[in-house]
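Okay, structure first, notes after.
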Number of protein chains: 2
Amino acid sequence: MTSRGAGKQVRKSAAERRGEIVAAAARVGLQEGLECVTRQRIADGLGVQPGLIHHYFPVVEELVAEAFTSATAAELDGLLPSTAAPERVGGDALRTLQRFFTLISGAEFDDISKLWINARHLSRYRPVLRDQVVSQELRWCHRIEQIIAEGVGERSFRCDDPWAAAVRILAVVDGAGAYINTSADQRMAPLADLARRIAEAELGLPADGLRSP
Amino acid sequence: MTSRGAGKQVRKSAAERRGEIVAAAARVGLQEGLECVTRQRIADGLGVQPGLIHHYFPVVEELVAEAFTSATAAELDGLLPSTAAPERVGGDALRTLQRFFTLISGAEFDDISKLWINARHLSRYRPVLRDQVVSQELRWCHRIEQIIAEGVGERSFRCDDPWAAAVRILAVVDGAGAYINTSADQRMAPLADLARRIAEAELGLPADGLRSP
DNA sequence: GATGCTATTGGCTTTGCTGCCAATTGAGTA
DNA sequence: TACTCAATTGGCAGCAAAGCCAATAGCATC
(Lines give C-alpha, C1' and ligand atoms only; values in the text may rest on other atoms or scores of the structure.)
Protein backbone atom coordinates (compact mmCIF):
# COMPACT_ATOMS: atom_id res chain seq x y z
CA MET A 1 0.00 0.00 0.00
CA THR A 2 2.98 2.28 0.32
CA SER A 3 2.42 5.05 -2.19
CA ARG A 4 0.72 2.53 -4.39
CA GLY A 5 -0.58 3.28 -7.79
CA ALA A 6 1.11 6.25 -9.39
CA GLY A 7 1.92 4.52 -12.62
CA LYS A 8 3.66 7.73 -13.48
CA GLN A 9 7.30 7.14 -12.89
CA VAL A 10 9.15 9.49 -10.58
CA ARG A 11 12.67 10.27 -11.57
CA LYS A 12 15.13 11.08 -8.82
CA SER A 13 18.83 11.77 -8.66
CA ALA A 14 20.96 8.66 -8.55
CA ALA A 15 22.30 9.46 -5.09
CA GLU A 16 18.86 10.03 -3.64
CA ARG A 17 17.37 6.90 -5.17
CA ARG A 18 20.29 4.83 -4.07
CA GLY A 19 19.91 6.11 -0.55
CA GLU A 20 16.22 5.28 -0.59
CA ILE A 21 16.95 1.76 -1.73
CA VAL A 22 19.55 1.13 0.94
CA ALA A 23 17.28 2.58 3.61
CA ALA A 24 14.39 0.41 2.50
CA ALA A 25 16.63 -2.64 2.40
CA ALA A 26 17.97 -1.87 5.87
CA ARG A 27 14.43 -1.62 7.21
CA VAL A 28 13.40 -4.91 5.63
CA GLY A 29 16.58 -6.61 6.79
CA LEU A 30 16.07 -5.42 10.34
CA GLN A 31 12.39 -6.24 10.62
CA GLU A 32 11.94 -9.27 8.38
CA GLY A 33 15.42 -10.66 7.91
CA LEU A 34 18.17 -10.27 5.35
CA GLU A 35 16.86 -13.06 3.14
CA CYS A 36 13.77 -10.95 2.59
CA VAL A 37 15.93 -8.31 0.96
CA THR A 38 15.10 -9.24 -2.63
CA ARG A 39 14.67 -7.07 -5.69
CA GLN A 40 10.94 -7.65 -5.66
CA ARG A 41 10.46 -6.97 -1.97
CA ILE A 42 12.44 -3.73 -1.98
CA ALA A 43 10.86 -2.56 -5.22
CA ASP A 44 7.40 -3.15 -3.79
CA GLY A 45 8.26 -1.17 -0.68
CA LEU A 46 9.39 1.78 -2.75
CA GLY A 47 6.65 1.54 -5.37
CA VAL A 48 9.07 1.00 -8.23
CA GLN A 49 9.88 -1.83 -10.60
CA PRO A 50 12.37 -4.58 -9.68
CA GLY A 51 14.53 -3.61 -12.63
CA LEU A 52 15.36 -0.36 -10.94
CA ILE A 53 16.87 -2.14 -7.97
CA HIS A 54 19.00 -4.13 -10.37
CA HIS A 55 20.12 -0.88 -11.98
CA TYR A 56 21.64 0.29 -8.70
CA PHE A 57 22.61 -3.11 -7.35
CA PRO A 58 23.26 -5.58 -10.18
CA VAL A 59 24.33 -8.12 -7.58
CA VAL A 60 21.77 -8.46 -4.82
CA GLU A 61 24.31 -9.57 -2.25
CA GLU A 62 25.88 -6.13 -2.38
CA LEU A 63 22.59 -4.54 -1.44
CA VAL A 64 22.17 -6.99 1.41
CA ALA A 65 25.63 -6.19 2.67
CA GLU A 66 25.05 -2.46 2.45
CA ALA A 67 21.68 -2.78 4.16
CA PHE A 68 23.31 -4.61 7.03
CA THR A 69 26.05 -2.03 7.38
CA SER A 70 23.56 0.80 7.24
CA ALA A 71 21.39 -0.71 9.97
CA THR A 72 24.15 -1.67 12.37
CA ALA A 73 26.14 1.51 11.91
CA ALA A 74 23.11 3.60 12.79
CA GLU A 75 22.35 1.40 15.75
CA LEU A 76 25.89 1.63 17.06
CA ASP A 77 25.75 5.41 17.08
CA GLY A 78 22.45 5.25 18.91
CA LEU A 79 23.67 2.85 21.56
CA LEU A 80 27.22 4.07 21.99
CA PRO A 81 27.76 7.62 20.77
CA SER A 82 31.33 8.06 19.71
CA THR A 83 33.60 10.24 21.80
CA ALA A 84 33.53 12.77 19.00
CA ALA A 85 29.72 12.85 18.84
CA PRO A 86 28.04 16.16 19.70
CA GLU A 87 25.80 14.70 22.41
CA ARG A 88 28.78 13.37 24.31
CA VAL A 89 30.44 15.72 26.75
CA GLY A 90 33.73 14.93 28.46
CA GLY A 91 33.95 12.69 31.46
CA ASP A 92 30.98 10.47 30.95
CA ALA A 93 32.36 7.14 29.84
CA LEU A 94 30.66 5.65 32.85
CA ARG A 95 27.29 7.14 31.97
CA THR A 96 27.63 6.09 28.35
CA LEU A 97 28.11 2.47 29.37
CA GLN A 98 25.29 2.67 31.89
CA ARG A 99 23.02 3.91 29.16
CA PHE A 100 24.26 1.17 26.84
CA PHE A 101 23.37 -1.63 29.23
CA THR A 102 19.97 -0.12 29.84
CA LEU A 103 19.24 0.16 26.14
CA ILE A 104 20.28 -3.37 25.27
CA SER A 105 17.92 -4.68 27.93
CA GLY A 106 14.96 -3.11 26.18
CA ALA A 107 12.78 -4.85 23.64
CA GLU A 108 13.92 -2.40 20.96
CA PHE A 109 17.24 -4.23 20.95
CA ASP A 110 15.61 -7.52 19.95
CA ASP A 111 15.57 -6.73 16.24
CA ILE A 112 19.23 -5.86 16.38
CA SER A 113 20.04 -9.15 18.08
CA LYS A 114 18.14 -10.96 15.38
CA LEU A 115 19.96 -9.03 12.69
CA TRP A 116 23.35 -9.95 14.08
CA ILE A 117 22.47 -13.63 14.26
CA ASN A 118 21.04 -13.39 10.76
CA ALA A 119 24.11 -11.70 9.35
CA ARG A 120 26.58 -13.95 11.11
CA HIS A 121 24.91 -17.01 9.73
CA LEU A 122 24.50 -15.65 6.21
CA SER A 123 28.18 -14.72 6.24
CA ARG A 124 28.89 -18.40 5.96
CA TYR A 125 27.72 -18.35 2.37
CA ARG A 126 28.11 -14.72 1.33
CA PRO A 127 31.64 -13.38 1.25
CA VAL A 128 30.62 -9.82 0.43
CA LEU A 129 28.32 -9.71 3.42
CA ARG A 130 30.93 -11.42 5.53
CA ASP A 131 33.43 -8.64 4.97
CA GLN A 132 30.91 -6.06 6.10
CA VAL A 133 29.95 -8.08 9.14
CA VAL A 134 33.56 -8.47 10.18
CA SER A 135 34.06 -4.78 9.65
CA GLN A 136 31.04 -3.85 11.74
CA GLU A 137 31.92 -6.31 14.47
CA LEU A 138 35.31 -4.69 14.78
CA ARG A 139 33.74 -1.23 14.76
CA TRP A 140 31.51 -2.15 17.69
CA CYS A 141 34.48 -3.57 19.55
CA HIS A 142 36.63 -0.55 18.91
CA ARG A 143 33.87 1.75 20.04
CA ILE A 144 33.66 -0.04 23.37
CA GLU A 145 37.41 -0.14 23.63
CA GLN A 146 37.52 3.59 23.04
CA ILE A 147 34.98 4.26 25.79
CA ILE A 148 36.78 1.97 28.19
CA ALA A 149 40.06 3.71 27.48
CA GLU A 150 38.38 7.03 28.09
CA GLY A 151 36.93 5.78 31.36
CA VAL A 152 40.31 4.51 32.45
CA GLY A 153 41.74 7.96 31.75
CA GLU A 154 39.01 9.48 33.89
CA ARG A 155 39.80 6.99 36.66
CA SER A 156 36.25 5.63 36.39
CA PHE A 157 37.42 2.19 35.26
CA ARG A 158 40.37 0.00 36.01
CA CYS A 159 41.43 -2.12 33.07
CA ASP A 160 44.78 -3.27 31.74
CA ASP A 161 43.65 -4.25 28.28
CA PRO A 162 40.64 -2.29 27.01
CA TRP A 163 40.60 -4.20 23.73
CA ALA A 164 40.41 -7.59 25.40
CA ALA A 165 37.79 -6.31 27.82
CA ALA A 166 35.72 -4.93 24.94
CA VAL A 167 35.91 -8.22 23.06
CA ARG A 168 34.78 -10.15 26.13
CA ILE A 169 31.98 -7.77 27.01
CA LEU A 170 30.57 -7.90 23.50
CA ALA A 171 30.85 -11.66 23.44
CA VAL A 172 28.68 -11.88 26.53
CA VAL A 173 26.22 -9.38 25.08
CA ASP A 174 25.99 -11.51 21.95
CA GLY A 175 25.72 -14.68 23.99
CA ALA A 176 22.82 -13.36 26.01
CA GLY A 177 21.09 -12.27 22.81
CA ALA A 178 21.65 -15.56 21.00
CA TYR A 179 18.34 -17.07 22.08
CA ILE A 180 16.12 -14.29 20.86
CA ASN A 181 14.57 -16.48 18.16
CA THR A 182 14.27 -19.58 20.30
CA SER A 183 14.34 -20.12 24.07
CA ALA A 184 14.76 -16.53 25.19
CA ASP A 185 11.66 -16.75 27.39
CA GLN A 186 12.99 -19.66 29.40
CA ARG A 187 16.27 -17.88 30.07
CA MET A 188 15.17 -14.36 30.90
CA ALA A 189 16.02 -14.21 34.57
CA PRO A 190 19.51 -15.72 34.68
CA LEU A 191 20.65 -13.66 31.71
CA ALA A 192 19.01 -10.36 32.64
CA ASP A 193 22.12 -8.66 33.96
CA LEU A 194 24.82 -11.07 32.92
CA ALA A 195 26.54 -8.78 30.43
CA ARG A 196 26.45 -5.83 32.79
CA ARG A 197 27.87 -7.87 35.65
CA ILE A 198 30.68 -9.24 33.51
CA ALA A 199 31.46 -5.73 32.34
CA GLU A 200 31.61 -4.48 35.92
CA ALA A 201 34.10 -7.23 36.72
CA GLU A 202 36.18 -6.46 33.64
CA LEU A 203 36.32 -2.78 34.51
CA GLY A 204 37.08 -3.14 38.19
CA LEU A 205 33.73 -1.67 39.23
CA PRO A 206 31.63 -2.62 42.25
CA ALA A 207 28.45 -4.58 41.74
CA ASP A 208 25.78 -2.47 40.01
CA GLY A 209 28.42 0.08 39.14
CA LEU A 210 27.12 0.06 35.58
CA ARG A 211 23.44 0.03 36.48
CA SER A 212 21.66 3.19 35.47
CA PRO A 213 20.75 5.36 38.46
CA MET B 1 30.84 -40.22 -6.25
CA THR B 2 29.29 -41.92 -3.28
CA SER B 3 28.23 -45.36 -4.46
CA ARG B 4 27.50 -43.84 -7.82
CA GLY B 5 25.86 -45.70 -10.58
CA ALA B 6 24.09 -48.84 -9.48
CA GLY B 7 20.88 -48.13 -11.33
CA LYS B 8 19.58 -51.20 -9.66
CA GLN B 9 17.43 -50.02 -6.84
CA VAL B 10 18.22 -51.28 -3.37
CA ARG B 11 15.24 -51.88 -1.17
CA LYS B 12 15.70 -51.46 2.56
CA SER B 13 13.42 -51.56 5.55
CA ALA B 14 11.61 -48.33 6.22
CA ALA B 15 13.31 -47.85 9.57
CA GLU B 16 16.76 -48.41 8.16
CA ARG B 17 16.24 -46.12 5.19
CA ARG B 18 14.75 -43.45 7.35
CA GLY B 19 17.74 -43.62 9.63
CA GLU B 20 20.09 -43.32 6.67
CA ILE B 21 18.27 -40.27 5.45
CA VAL B 22 18.35 -38.53 8.80
CA ALA B 23 22.02 -39.39 9.24
CA ALA B 24 22.85 -38.04 5.78
CA ALA B 25 20.84 -34.91 6.45
CA ALA B 26 22.57 -34.40 9.79
CA ARG B 27 25.96 -34.70 8.13
CA VAL B 28 25.05 -32.22 5.42
CA GLY B 29 23.50 -29.83 7.95
CA LEU B 30 26.59 -29.97 10.12
CA GLN B 31 29.16 -29.59 7.39
CA GLU B 32 27.43 -27.46 4.77
CA GLY B 33 24.55 -25.84 6.60
CA LEU B 34 20.90 -26.61 7.12
CA GLU B 35 19.79 -24.81 3.97
CA CYS B 36 21.76 -27.37 2.00
CA VAL B 37 19.48 -30.07 3.36
CA THR B 38 17.30 -30.38 0.25
CA ARG B 39 15.69 -33.42 -1.31
CA GLN B 40 18.14 -33.39 -4.18
CA ARG B 41 21.24 -32.97 -2.04
CA ILE B 42 20.34 -35.77 0.36
CA ALA B 43 19.21 -38.08 -2.43
CA ASP B 44 22.52 -37.53 -4.22
CA GLY B 45 24.46 -38.33 -1.10
CA LEU B 46 22.62 -41.59 -0.68
CA GLY B 47 22.54 -42.53 -4.34
CA VAL B 48 18.75 -42.58 -4.54
CA GLN B 49 16.08 -40.52 -6.26
CA PRO B 50 14.68 -37.33 -4.70
CA GLY B 51 11.24 -38.87 -4.68
CA LEU B 52 12.37 -41.30 -2.03
CA ILE B 53 13.25 -38.52 0.35
CA HIS B 54 9.80 -37.10 -0.19
CA HIS B 55 8.34 -40.49 0.62
CA TYR B 56 9.86 -40.39 4.09
CA PHE B 57 9.70 -36.65 4.62
CA PRO B 58 6.86 -35.08 2.61
CA VAL B 59 7.68 -31.74 4.24
CA VAL B 60 11.34 -30.92 3.97
CA GLU B 61 11.33 -28.75 7.07
CA GLU B 62 10.65 -31.84 9.17
CA LEU B 63 13.78 -33.48 7.84
CA VAL B 64 15.78 -30.37 8.55
CA ALA B 65 14.48 -30.30 12.10
CA GLU B 66 15.23 -33.96 12.65
CA ALA B 67 18.69 -33.58 11.17
CA PHE B 68 19.42 -30.77 13.57
CA THR B 69 18.18 -32.75 16.54
CA SER B 70 20.16 -35.79 15.50
CA ALA B 71 23.38 -33.82 15.16
CA THR B 72 23.12 -31.84 18.36
CA ALA B 73 21.88 -34.73 20.49
CA ALA B 74 24.85 -36.84 19.44
CA GLU B 75 27.21 -33.97 20.06
CA LEU B 76 25.80 -33.33 23.52
CA ASP B 77 26.42 -36.91 24.55
CA GLY B 78 29.95 -36.66 23.22
CA LEU B 79 30.73 -33.43 25.04
CA LEU B 80 28.82 -34.00 28.24
CA PRO B 81 28.05 -37.65 28.94
CA SER B 82 24.93 -37.91 31.01
CA THR B 83 25.22 -39.07 34.60
CA ALA B 84 23.60 -42.31 33.56
CA ALA B 85 26.05 -42.91 30.71
CA PRO B 86 28.29 -45.99 31.00
CA GLU B 87 31.55 -44.10 30.61
CA ARG B 88 30.73 -41.91 33.58
CA VAL B 89 31.71 -43.16 36.99
CA GLY B 90 30.63 -41.48 40.18
CA GLY B 91 32.36 -38.44 41.53
CA ASP B 92 33.66 -36.89 38.38
CA ALA B 93 31.48 -33.88 37.74
CA LEU B 94 34.62 -31.80 37.92
CA ARG B 95 36.43 -33.93 35.39
CA THR B 96 33.43 -33.95 33.08
CA LEU B 97 33.38 -30.17 32.99
CA GLN B 98 37.14 -29.97 32.56
CA ARG B 99 36.85 -32.26 29.59
CA PHE B 100 33.96 -30.20 28.24
CA PHE B 101 35.91 -26.96 28.23
CA THR B 102 38.86 -28.67 26.60
CA LEU B 103 36.68 -30.12 23.86
CA ILE B 104 34.87 -26.90 23.01
CA SER B 105 38.21 -25.18 22.56
CA GLY B 106 39.14 -27.60 19.80
CA ALA B 107 38.53 -27.00 16.12
CA GLU B 108 36.15 -29.96 16.02
CA PHE B 109 33.67 -27.79 17.89
CA ASP B 110 33.60 -25.20 15.11
CA ASP B 111 31.03 -27.05 13.02
CA ILE B 112 28.77 -27.34 16.03
CA SER B 113 29.02 -23.63 16.71
CA LYS B 114 28.11 -22.98 13.10
CA LEU B 115 25.19 -25.35 13.32
CA TRP B 116 23.79 -23.61 16.39
CA ILE B 117 24.02 -20.20 14.75
CA ASN B 118 22.47 -21.66 11.63
CA ALA B 119 19.59 -23.27 13.49
CA ARG B 120 18.91 -20.28 15.71
CA HIS B 121 18.62 -18.03 12.74
CA LEU B 122 16.52 -20.40 10.66
CA SER B 123 14.19 -20.80 13.62
CA ARG B 124 13.03 -17.30 12.88
CA TYR B 125 11.19 -18.59 9.81
CA ARG B 126 10.65 -22.28 10.53
CA PRO B 127 8.40 -23.12 13.45
CA VAL B 128 8.99 -26.86 13.24
CA LEU B 129 12.73 -26.37 13.46
CA ARG B 130 12.28 -23.77 16.15
CA ASP B 131 10.55 -26.23 18.45
CA GLN B 132 13.40 -28.67 18.09
CA VAL B 133 16.00 -25.99 18.68
CA VAL B 134 14.27 -24.83 21.83
CA SER B 135 14.05 -28.41 22.98
CA GLN B 136 17.73 -29.05 22.35
CA GLU B 137 18.79 -25.78 23.94
CA LEU B 138 16.97 -26.78 27.07
CA ARG B 139 18.45 -30.27 26.96
CA TRP B 140 21.96 -28.84 26.88
CA CYS B 141 21.11 -26.55 29.75
CA HIS B 142 19.61 -29.30 31.81
CA ARG B 143 22.61 -31.51 31.19
CA ILE B 144 24.94 -28.85 32.55
CA GLU B 145 22.60 -28.17 35.43
CA GLN B 146 22.60 -31.87 36.26
CA ILE B 147 26.39 -32.02 36.30
CA ILE B 148 26.62 -28.89 38.41
CA ALA B 149 24.13 -30.31 40.89
CA GLU B 150 26.13 -33.50 41.01
CA GLY B 151 29.31 -31.55 41.61
CA VAL B 152 27.67 -29.57 44.36
CA GLY B 153 26.66 -32.85 46.01
CA GLU B 154 30.26 -34.02 45.78
CA ARG B 155 31.42 -30.72 47.33
CA SER B 156 33.43 -29.99 44.17
CA PHE B 157 31.36 -26.91 43.30
CA ARG B 158 29.64 -24.25 45.29
CA CYS B 159 26.51 -22.97 43.61
CA ASP B 160 23.12 -21.83 44.88
CA ASP B 161 21.24 -22.06 41.62
CA PRO B 162 22.59 -24.71 39.24
CA TRP B 163 19.97 -23.87 36.61
CA ALA B 164 20.86 -20.20 36.49
CA ALA B 165 24.55 -21.05 36.45
CA ALA B 166 24.03 -23.48 33.59
CA VAL B 167 22.11 -20.90 31.59
CA ARG B 168 24.83 -18.31 32.09
CA ILE B 169 27.68 -20.67 31.30
CA LEU B 170 26.07 -21.78 28.07
CA ALA B 171 25.33 -18.20 27.12
CA VAL B 172 29.01 -17.37 27.38
CA VAL B 173 29.94 -20.50 25.44
CA ASP B 174 27.54 -19.43 22.70
CA GLY B 175 28.78 -15.86 22.84
CA ALA B 176 32.38 -16.91 22.37
CA GLY B 177 31.35 -19.11 19.44
CA ALA B 178 29.22 -16.47 17.77
CA TYR B 179 32.04 -15.17 15.57
CA ILE B 180 33.03 -18.46 14.02
CA ASN B 181 31.81 -17.39 10.59
CA THR B 182 33.15 -13.87 10.79
CA SER B 183 35.77 -12.23 13.01
CA ALA B 184 36.77 -15.24 15.08
CA ASP B 185 40.43 -14.77 14.11
CA GLN B 186 40.62 -11.25 15.45
CA ARG B 187 39.13 -12.28 18.77
CA MET B 188 40.93 -15.51 19.52
CA ALA B 189 43.06 -14.46 22.45
CA PRO B 190 40.59 -12.53 24.64
CA LEU B 191 37.94 -15.22 24.22
CA ALA B 192 40.16 -18.28 24.57
CA ASP B 193 39.28 -19.09 28.18
CA LEU B 194 36.36 -16.75 28.79
CA ALA B 195 33.71 -19.43 29.18
CA ARG B 196 35.86 -21.53 31.45
CA ARG B 197 36.73 -18.56 33.64
CA ILE B 198 33.10 -17.53 33.95
CA ALA B 199 32.19 -21.09 34.83
CA GLU B 200 34.84 -21.19 37.52
CA ALA B 201 33.39 -18.02 39.02
CA GLU B 202 29.86 -19.39 38.84
CA LEU B 203 30.87 -22.60 40.57
CA GLY B 204 33.00 -21.07 43.29
CA LEU B 205 36.19 -22.57 41.94
CA PRO B 206 39.68 -21.07 42.00
CA ALA B 207 41.20 -19.78 38.77
CA ASP B 208 42.03 -22.63 36.40
CA GLY B 209 39.94 -24.98 38.52
CA LEU B 210 38.25 -26.18 35.37
CA ARG B 211 41.37 -26.35 33.25
CA SER B 212 42.25 -29.88 32.27
CA PRO B 213 45.31 -31.20 34.11
C1' DG C 1 10.59 24.19 -27.66
C1' DA C 2 13.87 20.62 -29.25
C1' DT C 3 17.64 17.50 -27.73
C1' DG C 4 20.37 14.33 -25.10
C1' DC C 5 21.36 11.89 -21.09
C1' DT C 6 20.04 8.46 -17.95
C1' DA C 7 16.71 6.94 -14.61
C1' DT C 8 13.14 3.80 -15.06
C1' DT C 9 10.23 0.40 -16.97
C1' DG C 10 8.59 -4.23 -18.04
C1' DG C 11 9.61 -7.72 -19.64
C1' DC C 12 12.87 -12.13 -20.70
C1' DT C 13 15.43 -16.75 -19.43
C1' DT C 14 17.62 -19.77 -16.20
C1' DT C 15 17.97 -22.03 -11.99
C1' DG C 16 16.67 -24.58 -7.89
C1' DC C 17 13.50 -26.01 -4.53
C1' DT C 18 8.95 -27.76 -3.13
C1' DG C 19 4.97 -30.68 -3.16
C1' DC C 20 2.87 -34.27 -5.70
C1' DC C 21 1.89 -38.87 -7.91
C1' DA C 22 1.35 -42.85 -11.10
C1' DA C 23 4.13 -46.56 -12.48
C1' DT C 24 7.68 -49.93 -11.36
C1' DT C 25 10.22 -53.31 -8.92
C1' DG C 26 12.25 -55.81 -5.09
C1' DA C 27 11.60 -58.80 -1.21
C1' DG C 28 8.98 -61.44 1.95
C1' DT C 29 4.93 -64.61 2.15
C1' DA C 30 1.52 -67.98 0.99
C1' DT D 1 6.46 -70.46 -7.81
C1' DA D 2 3.16 -66.84 -7.82
C1' DC D 3 1.36 -63.07 -5.17
C1' DT D 4 1.24 -58.89 -2.63
C1' DC D 5 2.58 -54.90 -0.53
C1' DA D 6 5.45 -51.23 0.15
C1' DA D 7 9.83 -49.17 -1.15
C1' DT D 8 11.55 -46.84 -4.97
C1' DT D 9 11.58 -44.60 -9.29
C1' DG D 10 11.29 -40.74 -12.42
C1' DG D 11 8.89 -37.81 -13.79
C1' DC D 12 5.20 -33.53 -13.29
C1' DA D 13 3.84 -28.28 -12.35
C1' DG D 14 4.21 -24.12 -9.51
C1' DC D 15 6.79 -20.67 -7.65
C1' DA D 16 10.24 -17.25 -6.53
C1' DA D 17 14.61 -15.53 -7.09
C1' DA D 18 18.72 -13.83 -9.90
C1' DG D 19 20.83 -11.79 -13.69
C1' DC D 20 20.06 -9.48 -17.89
C1' DC D 21 18.48 -5.96 -21.44
C1' DA D 22 16.03 -3.27 -25.04
C1' DA D 23 12.70 0.22 -24.97
C1' DT D 24 10.58 4.19 -22.67
C1' DA D 25 10.15 8.56 -20.50
C1' DG D 26 11.49 12.28 -17.10
C1' DC D 27 14.52 16.12 -16.40
C1' DA D 28 18.22 19.40 -17.55
C1' DT D 29 20.43 21.95 -20.96
C1' DC D 30 20.70 24.38 -25.12
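Numbered from 1 within each chain, the chains take letters A, B, ... in sequence-line order. No hydrogens, no waters, no symmetry mates; every other heavy atom, side chains included, goes into these values.
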**Q.** Heavy-atom donor-acceptor pair, A:R11 side-chain to C:dT6 base, under 3.5 Å
**A.** yes

(Q) I want to verify a distance call: between D:dA17, C:dA7, C:dG19, whose nearest atom is closest to the B:V60 side chain? (A) C:dG19

**Q.** Whole-Å distance separating the CD1 atom of B:I53 from the C1' atom of C:dG19
**A.** 14 Å

Q) Looking at A:E202 and B:R197, does any basic side-chain N land under 4.0 Å from a carboxylate oxygen? A) yes

Q) Considering heavy-atom distances to DNA chain D, does A:R41 or A:G51 have its closest nucleotide positioned more toward the 5' end? A) A:R41

Q: Return no unless some side-chain N or O of B:H54 is found under 4.0 Å from OP1 or OP2 of C:dG19.
A: no

Q.
Let me spell it out: for each of A:H55 and A:R39, pick the nucleotide of DNA chain C with the closest heavy atom. Which residue's pick is nearer the 5' end?
A. A:H55

Q: Provide, to the nearest angstrom, the distance between the CG atom belonging to B:L52 and the C1' atom belonging to D:dG11.
A: 15 Å

Q. Are B:E75 and B:K114 close enough for a salt bridge, meaning some N to O gap below 4.0 Å?
A. no

Q. Does a side-chain N-to-carboxylate-O contact under 4.0 Å join A:E200 and A:R211?
A. no

Q.
Within the 4.0 Å heavy-atom criterion, would you say B:Y56 contacts the bases, only the backbone, or no part of the nucleic acid?
A. sugar-phosphate

Q: Calculate the interatomic distance between A:D44 atom CG and C:dG10 atom P; express it in whole Å.
A: 13 Å

Q | Rounded distance (Å) that lies between atom P of C:dC21 and atom CD of B:Q49 | A | 19 Å

**Q.** B:Q40 side chain, from C-beta outward: closest of C:dA7, D:dT8, C:dC17
**A.** C:dC17

Q: Taking only the side-chain nitrogens and oxygens of A:Q9, find out if one of them lies under 4.0 Å from OP1 or OP2 of C:dT9.
A: no

Q. Rounded to whole angstrom units, what separation is found between the NZ atom of A:K8 and the C1' atom of D:dC27?
A. 14 Å

Q) So what does A:P50 hit on the nucleic acid, given a heavy-atom distance under 4.0 Å: a base, only sugar-phosphate, or nothing? A) nothing

Q. A:F57 CZ to D:dC20 P: how many Å, rounded?
A. 16 Å

Q: Provide, to the nearest angstrom, the distance between the CG atom belonging to B:L63 and the C1' atom belonging to C:dT18.
A: 13 Å

Q | N-O pairing of B:E35 and A:R124 below 4.0 Å | A | no

Q. Any Lys/Arg nitrogen of A:E20 or A:R17 sitting under 4.0 Å from an Asp/Glu carboxylate oxygen of the other?
A. yes

Q.
Rounding to an integer number of Å, can you tell me how far A:I42 CD1 sits from C:dT8 C1'?
A. 17 Å

